[in-house]
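Right, one structure below, let's go through it.
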Amino acid sequence: MKQVLIYICSIIFLLFLWEVASIAINTINSSSVLPGPYEALSQVVKNGAELQRHFLASAWRLVMAMLIALVAAVPLGLVIGHERSVDTFVSPMIYITYPIPQVALILFLFLIFGTGSATKVAIVAIVLFFQILVSARGAAKNITEEYLVSVLSAGANRWQVYRHVIFPATLPSILTSVRVGIGVGIAFLYIAETNTAQGLGLGSFIKRYMLFGRDRAFAGIMAMAFLGLVLYVGIDILERILCRWKYVKR
Amino acid sequence: MIEADDLTIDYGSSKRKLRAVEGVSFRLGQSESLAFIGPSGCGKTTLLFALSGLITPSKGSVKIGKKKVAGPRRDVALILQNAGLLPWKTVWHNANLSLVLAGDYPARNAQDILEELGLGNVKSRFPAELSEGMKRRVGIARALSISPSVLLMDEPLASLDTLTREKIQDLFLTLWKDRGFTLVLVTHDIEEAAFLGQEIIVLTEKPARIKGRVSNREVGPLDYRQSEAFDRTVKALREELER
Ligand SMILES: Nc1ncnc2c1ncn2[C@@H]1O[C@H](COP(=O)(O)OP(=O)(O)OP(=O)(O)O)[C@@H](O)[C@H]1O
Ligand SMILES: [Mg+2]
């Protein structure tokens with residue numbers, strides 16, 4: 001409950017800063033460059049139905065990309081982190097491909113997947129994949145030896161070691177990497193969506209109105225921020241349920 | 001029965017070898033108890049890991065019953081230096097872990113042993129919510145849940161306060177007498193060795209070699225600490241260690 005209150009206060013404070021910035025910038029330029037929160041919010045209300053469609057399209061893409069990235073990166077990351085022989089073979093490939101600027105791939109992906117949702121999901125999934133992979137690998141490498149010995153001495157097979165030790169031990173780090181990934185994921189989703197001005201998605205919506213109808217564009221930006229917040233809180237709640245052991249009173 | 005013959009264990013590659021245990025031999029009958037005592041870092045944990053099948057010795061062998069040990073066995077339980085509890089599992093799931101791994105859970109479970117060890121009402125707690133003494137007892141519950149024929153313990157009571165330590169030593173003694181498993185423990189605590197080991201082997205500094213043996217056959221009564229035999233063993237151990 002206290003958490004919710006703190007969130008509300010932060011939001012009010014940020015809106016206040018935005019208002020101040022908007023007044024300052026608009027006074028200096030003596031024209032309306034940066035719409036204030038009031039204008040943007042009233043556009044949110046006015047365009048409710050349209051905004052909702054774009055919001056859901058973006059949200060769906062982001063969540064799909066997250067799930068794809070998780071399903072692909074978690075098993076791979078845990079295996080290369082735990083099995084040294086796999087690591088020596090696979091890690092060089094990761095470290096060579098990791099620094100490739102993934103934005104550069106967007107146009108290429110459009111060629112493969114077309115201009116629909118698939119490309120947008122793919123680019124975000126690729127970005128998140130690397131983030132989660134690197135975190136999962138690192139976390140699996142750093143598991144306390146004692147936990148592994150504890151199950152191995154009781155005769156655990158390989159699958160049981162993953163199931164009872166490696167996966168639960170690394171889950172908090174994996175969720176943290178997803179949380180960090182939300183910000184990057186939204187940025188890439190925006191870039192991908194603005195590459196096609198037509199179609200659904202908050203990126204397209206924002207781009208369409210940025211030059212003429214900036215109040216509406218900012219309504220879209222608010223919706224994007226809200227999307228990030230919802231996912232962020234969602235993962236927090238998920239972590240509290242799945243990693244309850246981390247939150248018990250000492 | 002557990003038997004070790006010229007047990008030698010090296011760490012590292014063949015080029016840069018680090019010898020941790022050298023030429024350790026002993027023989028222990030069913031339901032007997034043996035304590036190893038040696039200075040910190042001498043190779044006690046390594047020795048115990050080899051007995052449990054977690055490490056393959058570079059030379060020599062271990063036999064339990066009639067079979068040579070080639071890997072962890074379902075009838076041998078190991079209690080680790082820090083109890084080895086998994087922080088993400090509750091007391092209940094930690095205590096049942098060995099049974100789960102063996103595929104015996106839930107047909108068999110640790111309910112009775114948890115009750116016996118006074119942990120009946122903390123089953124849903126996580127390790128972080130337990131005192132050190134309780135954690136050790138959960139470790140004991142896990143080890144005994146599989147009714148092992150051999151129980152191996154690695155300094156099970158290090159870092160406990162004196163009263164808790166003695167209480168849990170009493171508990172070990174009682175469980176050992178009641179259940180008839182073969183007990184091997186390693187420790188750097190003289191009184192612990194003298195209270196629990198019918199036979200005590202004194203180890204050298206690294207690499208661990210056998211320096212001396214002290215027989216301590218009168219182990220058993222809970223008030224053994226007050227007896228003359230106990231004092232004699234403690235004195236003998238001290239002399240061996242200082243020699
Ligand atoms: N996995 C390993 N690889 C290489 N060397 C190791 C490994 N484990 C232990 N050693 C070394 O072997 C020696 C014996 O270690 P061990 O843990 O068996 O001693 P210990 O008597 O149990 O020590 P303590 O009293 O601290 O518990 C130490 O010098 C240690 O550095
Ligand atoms: Mg040790």
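Residue numbers begin at 1 in each chain, while the letters A, B, ... track the order of the sequences. Note that this is a predicted model, so its numbers are computed, not measured.
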Quiz item: Non-hydrogen atoms of chain A under 4.5 Å away: do they reach the side chain of Arg125(B), the backbone, both or neither?
Solution: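 Neither; nothing under 4.5 Å.
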
Quiz prompt | Leu130(B) portion near chain A, given a 4.5 angstrom heavy-atom threshold | solution =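 Neither part, no heavy atoms under 4.5 Å.
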
Quiz item: Among Glu32(B), Glu199(B), Glu3(B), which one satisfies salt bridge (Lys or Arg N to Asp or Glu O under 4.0 Å) with Arg27(B)?
Solution: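 Looking at Glu32(B), Glu199(B), Glu3(B), the match for Arg27(B) under the salt bridge (Lys or Arg N to Asp or Glu O under 4.0 Å) is Glu3(B).
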
Quiz item: Highest number of heavy-atom pairs under 4.5 Å with chain A: which of Leu54(B), Ile146(B), Leu85(B)?
Solution: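 Counting heavy-atom pairs under 4.5 Å, the top option is Leu54(B).
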
Exercise. Pick whichever of Ser52(B), Ser98(B), Pro87(B), Gly71(B) has the most heavy-atom pairs under 4.5 Å with chain A.
Key: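 The candidate making the most pairs under 4.5 Å is Pro87(B).
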
Quiz item: When rounded to the nearest 0.5 angstrom, what distance separates CG in Leu202(A) from CZ in Phe55(A)?
Solution: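 Between Leu202(A) CG and Phe55(A) CZ, I get 7.0 Å after rounding to 0.5 Å.
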
Quiz item: Do the side-chain N and O atoms of Glu193(A) and Ser58(A) include a donor-acceptor pair separated by under 3.5 angstrom?
Solution: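 Distance-only check passes for Glu193(A) and Ser58(A).
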
Quiz item: Can you find a side-chain donor-acceptor pair between Tyr105(B) and Ser145(B) that sits under 3.5 Å?
Solution: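 Absent: no donor and acceptor within the cut-off.
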
